Structure formats: C-alpha cells, structure tokens
Asker: 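Structure provided below as structure tokens; questions to follow.
Here is how names work: the chains are called A, B, and so on, in the same order as the sequence lines, proteins then strands, and each is numbered from 1. What you see is a predicted model, and the numbers here were worked out from it, not measured in a lab.
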Amino acid sequence: MMIIQAFFMKALATSLKRQTHFCTLKTRFNFPPRTSFCVSNHALAQRSEDDPDVHHLFDESPEGARCSNRLLFERSRNNRHSEVLSLFMGVHRSGLPVDGSTISCVLKACAYSLDQNFGVQIHGHCTKCGFLNDVSVGTSMVDMYFKNGSVERGRRLFDQMGERNVVSWTSLLTGYAQNGLDAEVLQLFVRMQSEGVQPGPFTFATVIGSLSGERMVEKGLQLQAAAIKNGFQTATPVCNSLVSIYSKSGRIREAKAVFDRLSDRTAVSWNSMVAGYATNGLHSEALEIFHHMRLVNAKPSNMTFAAVIKLCTSIKELGFQQQLHCLVLKTGFEFDQHIRIALMVGYSKCKVMDDAFEIFSALGEEARNVVAWTAMISGYLQNGKAKRAVELFLQMNRESVKPNEFTYSTILSASPMVSPHQVHAQAIKANSEKSPTVGTALLDTYVKLGEVDEGSKVFDRIEKKDIVAWSAMVAGYALKRDTEAAVKTFVEMAEHGIKPNEYTFSSVINACASSMAPVQQGKQLHAWSIKSTFNNAFCVSSALVTMYAKTGDILSANEVFRRQQDRDLVSWNSMISGYAQHGHVNNALQVFDEMRRQNMEMDGVTFIGVISACVHAGLVEEGQRYFDMMVRDHCVEPTMEHYSCLVDLYGRAGKLAKAMDIINGMPFPPSATVWRTLLGASRVHRNLELGSLAAEKLISLQPQDSAAYVLLSNMHAMAGNWKERARVRSLMDGRKVKKEAGYSWIEVKNKTYSFLAADSSHPMSNEIYEKLEELRMRLKDAGYQADTDHVLLDVDEEHKEAILSQHSERLAIAFGLIATPPGTPLRVMKNLRVCGDCHVVIKLISKIEGRYIVVRDTNRFHHFKDGSCSCGDYW
DNA sequence: GTAGGGTTAG
C-alpha cells in the first residue's frame, strides 16, 4: 500500500505542477470584467487544501473517508477535474481507502485533462489491486485511453475485460467516433447486438452522431425509429444527435424544431444547438441560444465552450472572448486541452498574441502537442509575425515534436522566409507530400513565387486531389495568365466528377480576364456558373465584371453588376475600375457616388479606380480632390499606386513640374512604375530633360525592362538626337535586352488573328493592303495629314508615312472591316501603346466606315465612335 | 483544438 501511495504522490506532484502554471496564468491576465471570477477561482484552487471539508480527509474515521469520496464525486460531477486530482492526493496522503468509483472519477479527470501518463500509472496499479475486475473502472479506463487518442490501447483493454455491459460498449463506440473512425462504429454496433447486448439511448445517440455523407439524415431517422422500437420514444440523447446531424446537413430549421420539442434538455442538447448555429454561420442565433442557456441555468460543458469559443473566433470579439475565458476558469474547464487551444486560437484571431502565447506557455511541456504548436505558429503568421513563427517552428523541431500535415501547410505561408524547397524535402521524408493539404500549400507557394511548373509537378503527385487542390491549380494558371491551361484543368476536374465551387469559378473566370483570351471562352464559363448557381457568389460576380471589362465588353460587365442583389467592397471596386479602364469617367464616378450613398466601406483600391478614371479624362482637380478625400475622410494610407496615379494625373495634363513635386514629396522611394509613368508623360509632352531623368532611374531599377530603353531612345529620336538614340540602343544590345515586338489581334467568328507591323503572312494579305490603300485615299480626302513624329527611324518623310500606314493595329482593323458585315463593332487588342497617329486615324475610320471600334492597348480601352474617342485624347 | 484554394488596382 505504501509503495502505491508513494507512486501516486509522485505522479500527482507532476499534475499539480500544472496547477501552478494555471495560477500564474490567472494572476497575470488582467481584464476588467473577470476580476471577480478570477479572485474566486484563485481561492478555489487553493481551497482544496484549506477547505474544512477537505480537513475531513485527514480524519481517518470512516466518516472522513465517506466525506472525501462524496466531495470527490461532487467535484467530478461539476467537471472540476483538477480538484478531483488534488483531492485524490489528499486521500492518499492520509492513507484512506479508495474504491472503484473513486478510481473512475480520477480516470475521468485524466481523460478530460489529457493526462495519459497518470492514467497509465493508475492502470498499472489497478491491475495489481484487482480494480480492473470492476466493470465501471474498466469502462472508465477504456474511455480514458480513447479520449487521449490511444485507440489501440483502449481496444486491447476492452477486449480483455471480463464483463462488458451496455455502458462499456457505448464507451467503445463513442471512443471510435471521437477518433474519427466512423466506419468502425456501425460495425461495432452490429457486433454488440449480435453478442446479445441491447443498445441503450446513448448507444443510438452515438451511432446517429457518427453518421456522415449525403444520406445521413435519412439513416439517422431510421436509427431513431429503431430506438423508438426499443422503447426510447422521448430519449433526449437520440434527439440531441438528430439536432447535430440536421445541423451538419445545413437543415438548421429542422434541427431547431427537434430542439424545441425536447422537454428534457441537457447540456448536450444546448451544445448541439449552439454548435449547429455556429457551424452554419448563424452567429447571432448561436449567441442567443448560449445566452438563453445561461438564463435557464443550464451548465455549459466543454463542448459548449468549444462551440462558443470557435464562434467568438470567427466574429473576432475580444471582449466576448475574454468573458468566455473567465467563464472557462469559473466552470473548471481550464485543463481541457481542446479548450485551451481554442482559447489560444481565439486570442490569435483577436490579434492579442501575448495572451495567446501566455496560454501556450502555461500548457506545460507534455501538453504542448503538435496541435498546440501549429495553432501558435499559425497565429503568429496570421498576425504578420513571420519571424516569430519561424522561430517557434525551429524550436518545435528542437523539442522533437513531429510536425503534421497542418504544420507543413501552415509554415509554408512563411515563404520565402522559410525555403519552400526545404519544407518540401522535409514533407517528402515525412511522407506528407502527397496529402492534399500539404500538396496544395506547396503548389500554391511555388506558383506565388513564379515557379508554376514546379507547382504543377506537385499537383500531379497529390494522391486524392480534392476541390481545393484543383482550384489552387486553376488559380495558379490564372496567375500566370495561362488561360488555356487554366480552362483545361477546370474541364479535367469536371471530368473527374469533382463539382467546381465558387472559388474554382472565380479562378477560371479570372484566367479569362486577359485580352489574349477568346471572349467566347469567358461567356461559356459565365453560362456554366449560372447553371451551377454560383454566379451570384460575391467572388464569382466580381470575377465576371472584371472579365467582361478586360475583354472589352463593358456593357456586359455593367449588366452583371446591376443584376447583383448583394454587393461587397470588391464588387463595387471591380465596376469602378472597369469603367476607369474604359475611360468612362462619368459612369465610374456615378458608381462611386452610389457606393457612398449606400454607406459602403471604401478602401485604397476604390480610390485607385476613381483617381485613374480622372486621369483618363484629364480631370486634374477632381483627381486631387478624391486623393485628399481618401486620406482625410476615409483614413486610407496612400500607397505607391496612389502616388503613381497622381503623377499620371499631373503628367498627362502636361503639369510635369507638379508631377515631379509629387515624386519628391512621397514618403518612400519611387518605384519603377512611378518613373515609367513620368517617362510616358515626358514623352507625350516632349520634355527631354525629365524624360531622360525618368528613363535613367527606370533603367537603374529594372535594367532588363525593354520599354524603358525604347521610350528613351524614341525621345532622343523625336528630338533628332540620333547619336544619343544609338547610345541607348547599344546599351540595350550590350545588356541583351530585347525589344518587345508590337502586335495586334482581332477576334472574328471566334477565331483570333494576329498581325505584326507590315505583316504579310495573313492569307488575305492582298485584300488587307488594298483596303488600307482605299482608306488612305479616303482619309486624305477627309483632310488627314500623317503625324510623322511618331515614326522614330532616321528616314525621309515619305518613307515614314508608309511605315505608319502599316502599324499592326491598322492591319487588324482593315481585316476586321473586310471580314465582318458593315456596322459590326470591331474589337482590337494591342500589346503596346497605340501611337498618336494611329489614334487620329482610327477616329477617322470609325466615322467614315460608321463602325464602333474598341481598341485595347496596355491595359486601357479606347472606344472610337463617330470620329471621337472615349479617352477624350488624354491617354 | 491546428491546415491548403478565390474576387478589386498596377
């Protein structure tokens, strides 16, 4: 007996070490509403020693023994597991006798505080003392192992048990269900009955609760019918499980109906309802039920907390989270591993990393499992503290805690601070690379680093590709602007029988939002999304608006936008940006006003749209006004893009000095884009001095960007500095920078035709040049004179005119004119900017041919109609 | 209790 006692004492001392952690935790936290809770809790934690009741423990009379056990049961019923362990230590210190029920309570405490070490020690000594013959001790022991995740140990013990009643069987079923082994639950349920053990209400409840899949409600109702046959008509546990599976299937109203009919609600009933609302995203309903539960004095269990803390995690309400934390302390769930981690995550989501870390540190070494580490690492990453996250990841490795799939996918978002190749290698060693979670995270990381090929290799190796993996691959191709591959992957996925969801649709539609993509492709996907009823999802309709706008069909973009019943910030931004790209200033500003009238939140992107709309229309003062409004009224910190817009605004309007002032006044060093903008404006307004400065800066930032050299050499050419021009050209050659060839393309009858300047490869080349010649004559009659400044070769005037007339956009338009019936609108795309002379010519063509012509050059649209352009000649 | 995919600008 003495030996056993010494053993227990030592083990309990370890357990109590955690209690010290717990006390530090409580005294260190400092939020206002919990003061009273914490004081009383602190007292409670110490009371086990001071409590007059506890003094009975040291009274070795039979009365004392009874008292100690009564107290222990009472504490156990109230889930005060830490006190159960502490009382148990008292019992042993005074050598009082212990019976089976006491051991059961202690095992329950081990199960809930995940203290398997202590549980194993008790197991060993129970074997020696013969306690294991007690069916309830055996059952508690089985339960303890399952709750600690030791499925095999629990099962072995169960098989060894001499006597097994319905409770033992139900514990076994519950254990399997809790460890996610749902398939075994049904098998065991059948075996239990074949061994002549009649299932009880809890057995039915466990089996119903473990159901999953499409037909789960149907199967659940069948089981309920069987339960009724067995005489459990009104059994609360069965109804609770029904509430759960109704919620899981999204049938929350039916869940509530079952709940409302329940006359005898237990903590589990309330939990199921709270969790049901929470998992269906009905936050306020979930809170209401929780509140209702507190009003009727129903005791929350660990499951209640798990559900409510998770809820609080999604609504990110710090105050509520803190109150819940107090409530956890007050109700004695502070040792529940799940709840501690849930609280950690809650604090992380509320951006209070110090409090999250406090809980993490208090966990004690053996409780710091991989889940806790991963949650903490994820918390730091979500709060932008990648460095801290990496430190923790390394420390976790040092402490020999093995990372799991969650850990690998989490740490990958710290790339490139953590080398994805290294994580990849580690994941391969751990045999995790093929898991969809890790594979998808790897694929996404590679894609975002520009290594799409590496990403698609990882994708091929993922064993069971789920919807997330497929969507990530589609998004990867979309990012690389590889429309063909994105659409191919999307179709392949559908052929594999995986139904695309809103994310997949938004990615694949986004892949079609490039001018290279055939317009028809995007339209087909639009139709597909309508058939799959995802067209109304925020992300899908925003992608559609952008796709239509970018492929030149601003009317369809607006139609999608107008049909939206509900819009979020991105929806509005997409429409404003769309109009801005098309130079439809008034429409852009109208949408902005509408947005403001509806009190929608606005962000930096909204203002980039609005200001760039002003840029295209030359509305200098208005643009500046919107910039000021953004800073003053919407407290948006201007970014590089905003300054870039301002430089563009003043630059295009010819106010180059003011543009330079903006650059000099920026709070950060100007980016390549800013210099490129200034360079463009200097070229239009022929300011060689500023242009050279901008070009030099741009070349120093991006020595491989051909556009900078080309613009600079063009400027020298315009000023007639052929020597300087040659210098720039040779610089370019020396650095092996290749000039991007200018080309245009046009879609006719779902086929795309592209043209280089002076191209003669088209089968209808002769007809095209005849049409151009005819146009040249008619333009001349209309009074057109070529603006040969746009030709930058050192050749004579007549030759220059010939070069101009063969610019790729003119070839594409000429082809469009002869290949389509009169009056058909033409849509032409160009990879470089349209030159000033072509701009004049296309305006005239739109008039003399009576055509509506849309030309898209570097990310901007020109709508030519009746001899004028939507850009108002500011471009 | 921990995890991976999407939408706006440039």
Side-chain angles (χ1 to χ4, degrees), chain A residues 114 302 305-307 309-310 313 336-346 348 369-379 381 403-413 432 435-445 447-448 458-459 462 466-476 478-479 500-511 513 534 537-547 549-550 567-578 580-581 602-612 639-642 644-645 648 671-674 676-677 858-859:
Chain A
L114 288 188
N302 60 337
F305 282 113
I309 294 171
K310 201 169 179 189
T313 305
D336 187 297
Q337 181 83 344
H338 289 204
I339 288 175
R340 288 160 119 181
I341 295 176
L343 282 170
M344 256 170 61
V345 174
S348 303
N369 60 13
V370 58
V371 180
W373 281 98
T374 309
M376 205 59 221
I377 293 170
S378 170
L381 280 170
N404 65 11
E405 296 177 2
F406 289 77
T407 325
Y408 289 125
S409 38
T410 303
I411 198 65
L412 276 165
S413 53
S432 289
S435 98
T437 312
V438 179
T440 306
L442 275 168
L443 139 70
D444 185 55
T445 309
V447 164
K448 292 201 169 122
V458 174
F459 175 72
I462 299 177
D466 60 6
I467 181 73
V468 183
W470 284 98
S471 303
M473 195 63 249
V474 173
L479 195 74
N501 64 14
E502 63 268 42
Y503 296 126
T504 339
F505 272 112
S506 68
S507 294
V508 74
I509 292 170
N510 175 34
F534 283 117
F538 283 149
C539 57
V540 177
S541 27
S542 296
L544 283 169
V545 168
T546 307
M547 185 272 290
K550 285 213 170 148
R567 298 187 190 120
D568 68 354
L569 174 66
V570 180
S571 324
W572 290 93
N573 287 353
S574 309
M575 195 65 247
I576 294 175
S577 306
Q581 283 161 6
M602 293 174 176
D603 69 354
V605 181
T606 319
F607 285 93
I608 289 177
V610 173
I611 301 169
S612 66
T639 64
M640 189 71 81
E641 281 72 35
H642 294 106
S644 205
C645 275
D648 211 8
S671 69
T673 312
V674 172
R676 193 176 294 118
T677 308
T858 45
N859 251 336

Asker: Can you name the residues that form a ring pair (Phe, Tyr, Trp, His ring centres under 6.0 Å) with A:Tyr408, not counting sequence neighbours?
Answerer: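 Partners of A:Tyr408 by the ring pair (Phe, Tyr, Trp, His ring centres under 6.0 Å) criterion come out as none, since no residue qualifies.
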Asker: What nucleotide, of B:dA3, B:dT7, B:dG1, holds the atom closest to the side chain of A:Gln337?
Answerer: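 It is B:dG1.
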Asker: Can you tell me if the side-chain N/O atoms of A:Asn510 get under 4.0 Å from OP1 or OP2 in B:dT8?
Answerer: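 For B:dT8, OP1 or OP2 has a side-chain N or O of A:Asn510 closer than 4.0 Å.
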Asker: Just N and O in the side chain of A:Gln581: are any of them under 4.0 Å from OP1 or OP2 of B:dT8?
Answerer: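 Checking B:dT8 against A:Gln581, no side-chain N or O comes under 4.0 Å of OP1 or OP2.
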Asker: Round to the nearest Å and state the distance from A:Phe406 atom CZ to B:dG1 atom C1'.
Answerer: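 In whole Å, B:dG1 C1' lies 10 Å from A:Phe406 CZ.
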Asker: Can you tell me whether the side chain of A:Ser471 and the base of B:dG5 have a donor-acceptor pair closer than 3.5 Å?
Answerer: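 Yes.
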Asker: Using only modelled atom types and a 3.5 angstrom limit, is any donor from either the side chain of A:Ser409 or the base of B:dG4 paired with an acceptor on the other?
Answerer: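 When only heavy-atom distances are counted, A:Ser409 does not reach the base of B:dG4 through any donor-acceptor pair under 3.5 Å.
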Asker: Quick one: does A:Asn501 reach the base of B:dG6 with a side-chain donor-acceptor pair under 3.5 Å?
Answerer: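 Checked by distance alone, the answer is no.
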Asker: Scan A:Glu405 against the nucleic acid and name what it touches under 4.0 Å (heavy atoms): base, sugar-phosphate only, or nothing.
Answerer: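 Counting heavy atoms under 4.0 Å across all strands, no contact is made by A:Glu405.
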Asker: With a non-hydrogen cut-off below 4.0 angstrom, is A:Thr673 in contact with a base, only sugar-phosphate, or nothing?
Answerer: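 It contacts sugar-phosphate atoms only.
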Asker: Tell me yes or no: between the side chains of A:Asn510 and A:Ser507, is some donor less than 3.5 Å from an acceptor?
Answerer: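 No, A:Ser507 and A:Asn510 have no side-chain donor paired with an acceptor closer than 3.5 Å.
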Asker: Need one value for A:Val605: base, sugar-phosphate or nothing, where a base atom within 4.0 Å counts as base even if backbone is also close, heavy atoms only.
Answerer: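 Base, at least one base heavy atom under 4.0 Å.
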Asker: Looking at A:Lys448, I'd like to know whether one of its side-chain N or O atoms comes within less than 4.0 Å of OP1 or OP2 on B:dG6.
Answerer: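 Looking at the OP1 and OP2 atoms of B:dG6, one of them is under 4.0 Å from a side-chain N or O of A:Lys448.
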Asker: Mind checking ring pair (Phe, Tyr, Trp, His ring centres under 6.0 Å) for A:Trp572 and listing every partner two or more places apart, or none if nothing turns up?
Answerer: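 Per chain and number, A:Trp572 pairs via ring pair (Phe, Tyr, Trp, His ring centres under 6.0 Å) with A:Phe561.
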Asker: Measure the distance from CD1 on A:Ile509 to P on B:dT8 and round it to the nearest whole Å.
Answerer: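 Distance, rounded to whole Å: 11 Å.
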Asker: May I ask you to verify if any side-chain N or O of A:Thr546 is less than 4.0 angstrom from the OP1 or OP2 atom of B:dT7?
Answerer: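 So the side-chain polar atoms of A:Thr546 never come under 4.0 Å of the phosphate oxygens OP1 or OP2 of B:dT7.
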Asker: What's A:Thr374 touching, base or sugar-phosphate or nothing? Going by heavy atoms closer than 4.0 Å.
Answerer: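 Base, at least one base atom sits under 4.0 Å.
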Asker: Quick one: label A:Leu343 by what it contacts on the DNA or RNA (base, sugar-phosphate, nothing), any heavy atom closer than 4.0 Å.
Answerer: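 Nothing, no heavy atom under 4.0 Å.
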Asker: Taking atom P of B:dG5 as reference, at what distance in whole Å does atom CD1 of A:Ile467 sit?
Answerer: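 To the nearest whole Å, that distance equals 14 Å.
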